[in-house]
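Any value given below was found using the heavy atoms of this structure, including those in side chains, with hydrogens, waters and symmetry copies removed. We count ligands from 1, going down the list as the structure has it; atoms in each ligand are counted the same way.
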Amino acid sequence: MNIADYKGIWVFAEQRNGELQKVALELLGEGRKLADKLGVKLTALLLGENVGNIADVLGKHGADEVLVADNPLLKNYTTDGYTKVICDLVHERKPGILFIGASFIGRDLGPRVSARLQTGLTADCTALDVEAESGTLLATRPAFGGNLMATIACEAHRPQMATVRPGVFAKVETENADYKVENVEVKLEASDIRTEVVEVFKEVKDIVDISEAKVIVSGGRGVGSAENFAKLQELADELGGAVAGSRAAIEAGWIDKSLQVGQTGKTVRPNIYIACGISGAIQHVAGMQDSDVIIAINKDESAPIMSVADYAIVGDLNKVLPEFIAQVKELKE
Ligand code: FAD
């Protein structure tokens, strides 16, 4: 392998039923910055059936080029089909870097592609950078149970691969009208795919997506019980926000697992994050530190959450929350 032959940044533009996943646009936003730093092209890779109409969205979110692999065999995601098409394209065009969203699909696809290409993959990154001179990707992620952040480089193999969870980066809309859309040839037979998708159904859950919420009222062990979460819900309702929690609150069974914020939960970046009775362990902070304004309510003034908070309220939740709700109501009147 001649590393110098590998240039450019690719982003896998995951779509489901013709709907782009927001992580693809977030990766394009970050990819744009890195491509500018390296002076290379940013390419979005779109696989599916009849998906050409969404290529423009990718161009308007930073891509210089959109490669569209359109084929009935790519209608539904299959590990075999998507891996083959992506690996064929990588062999042919030699990108230096390939980013994939750490969705359920991306977590399946990323390792398979990297193994087939015999290259490295850094999963669940929280920060990405590049060395302008060498083109080396610097992928940062929590390591050793979140006790330290490791920056990982894959110097000897290409492409350099990383997955990033939804919500870690912000999407950026550009005025770019110069992007190029190219339909690529898909060399895929039904016999290349060893699985058959018989039916796709969505699990219907009456649960909010906290990664989209503008205001989050989050509770930890200090909340004390499932019943006490009603007070957090009341505050969230007043502020037009959503309730979430730390892993301790989820493990206690007080709220649903899909509402967990942190390293093994969701990454959120709301306008306001109110941490109630949460100590601020590094694994929790990793998922909320990019919130615009952080308000912490904790009876322990030395709790680590206080040092990431913009506003720290030292006190017992049971006293502070009713007062907080009353004041919000008063302001709204
Ligand atoms: P605690 O640490 O017990 O803190 C409770 C806080 O409530 C304390 O600061 C206390 O002062 C305060 N308090 C108590 N009573 C009151 C009151 N009446 N009024 C006001 N304040 C009060 N954690 C996550 O959150 N998300 C993750 O994704 C995650 N992933 C992890 C992954 C790994 C590999 C590991 C090892 C751990 C992970 N954890 C995660 C767990 C994490 O290390 C902490 O254990 C957890 O975040 C603690 O939750 P907590 O802050 O609610 O509870």
Side-chain angles (χ1 to χ4, degrees), residues 23 102-104 107 122-127 140-150 152 163-168 207-213 216-236 241-270 273-291 294-327:
V23 68
S103 61
F104 291 119
R107 282 167 198 263
T122 309
D124 285 350
C125 299
T126 50
T140 301
R141 56 151 296 144
F144 297 107
N147 289 319
L148 59 85
M149 301 300 278
I152 298 166
T163 63
V164 179
R165 287 195 287 162
V168 173
I207 276 174
V208 245
D209 180 3
I210 51 168
S211 54
E212 298 284 347
I216 294 180
V217 183
S218 194
R221 204 190 311 272
V223 173
S225 68
E227 294 70 46
N228 286 352
F229 261 88
K231 275 276 167 235
L232 276 67
Q233 187 66 58
E234 193 181 341
L235 179 58
V243 161
S246 70
R247 187 156 109 176
I250 275 85
E251 281 174 352
W254 300 337
I255 51 168
D256 190 89
K257 165 91 181 103
S258 64
L259 303 177
Q260 181 181 321
V261 171
Q263 189 191 324
T264 42
K266 289 203 171 128
T267 304
V268 296
R269 44 192 316 145
Y273 187 89
I274 307 175
C276 308
I278 294 177
S279 62
I282 186 169
Q283 297 91 351
H284 185 82
V285 172
M288 46 65 77
Q289 62 195 352
D290 289 330
S291 307
I294 298 170
I295 303 171
I297 309 172
N298 200 303
K299 63 180 185 187
D300 175 7
E301 63 178 329
S302 61
I305 193 76
M306 298 314 215
S307 53
V308 288
D310 299 286
Y311 299 96
I313 304 173
V314 181
D316 185 340
L317 268 177
N318 302 310
K319 295 198 184 110
V320 177
L321 265 184
E323 183 59 29
F324 201 144
I325 294 166
Q327 292 212 13

TODO: Compare Ser279, Gly224, Gly222, Ala244 and give the one whose heavy atom is closest to atom 2 (O) of ligand 1.
DONE: Ser279
Task: Where ligand 1 meets Gly220 - atom numbers and elements under 4.0 angstrom, heavy-atom basis - done: 52 (O)
Task: Winner among Ile282, Thr267, Thr264, Asp316 once heavy atoms are compared against atom 30 (N) of ligand 1 - done: Thr264
- [ ] Find the distance between CZ (Arg247) and NZ (Lys257) and round it off to the nearest 0.5 Å.
- [x] 7.5 Å
- [ ] Give the atoms of ligand 1, by number and element, whose distance to some non-hydrogen atom of Gln263 is under 4.0 Å.
- [x] 27 (C), 28 (O)
- [ ] Show your working on side-chain hydrogen bond (donor to acceptor under 3.5 Å, both in side chains) between Asp300 and Asn298 and close with a plain yes or no.
- [x] CA-CA 5 Å; Asp300 175 7; Asn298 200 303; over 6 Å; no
Open item on the list: Would Gly315 count as a contact residue for ligand 1, given that I'm defining contact as a non-hydrogen atom of the residue lying under 4.0 Å from a ligand atom?
Closed with: yes
Task: Shortest heavy-atom approach to atom 42 (C) of ligand 1 - which of Met288, Met306, Gln283 - done: Gln283
Task: Numbering as shown, the atoms of ligand 1 that approach Gly265 to under 4.0 Å (heavy-atom distance) - done: 28 (O)
Open item on the list: Measuring from atom SG of Cys125 to atom CZ of Arg165, what distance do you get when rounded to the nearest 0.5 angstrom?
Closed with: 10.5 Å
Open item on the list: Within the 4.5 Å heavy-atom criterion, are Cys276 and Leu232 side-chain neighbours or not?
Closed with: yes
Task: Nitrogen or oxygen of Leu317 less than 3.5 angstrom from that of ligand 1 - done: yes
Open item on the list: I need the atoms of ligand 1 closer than 4.0 Å to a non-hydrogen atom of Gly262, numbered in the order shown.
Closed with: 26 (N), 27 (C), 28 (O)
Task: side chain to side chain contact (heavy atoms under 4.5 Å, CB included) involving Ala296 - partner list, sequence neighbours excluded - done: Ile305, Met306, Ala309
- [ ] Using the side chain to side chain donor-acceptor pair (under 3.5 Å) rule, pick out the option among Glu234, Gln233, Glu227 that qualifies with Lys231.
- [x] Glu234
Open item on the list: Would you say that Asn318 contacts Asn228 through its side chain, given a criterion of any heavy-atom pair below 4.5 Å between the two side chains?
Closed with: yes
Task: Asp300 neighbourhood, listing ligand 1 atoms whose heavy-atom distance to it stays under 4.0 Å - done: 11 (O)
- [ ] Please could you name the atoms of ligand 1 that Val261 approaches to less than 4.0 Å, counting only its heavy atoms?
- [x] 24 (C), 25 (O), 26 (N), 27 (C), 28 (O)
- [ ] Taking only heavy atoms of Ala281 into account, list the atoms of ligand 1 that are under 4.0 Å away from them.
- [x] 42 (C), 43 (O), 44 (C), 47 (O)
TODO: Could you check if a side-chain atom of Val164 sits within less than 4.5 angstrom of a side-chain atom of Asp124, using non-hydrogen atoms only?
DONE: no
TODO: Determine, considering heavy atoms only, which of Lys266, His284, Glu251, Lys299 sits nearest to atom 22 (C) of ligand 1.
DONE: Lys299
Open item on the list: For the 3.5 Å polar cut-off, considering only N or O atoms, please tell me whether Ala249 and ligand 1 meet it.
Closed with: no
- [ ] Work out which heavy atom in Leu259 is nearest to a heavy atom in Ile250; give both atom names and the distance.
- [x] C-CD1, 4.2 Å
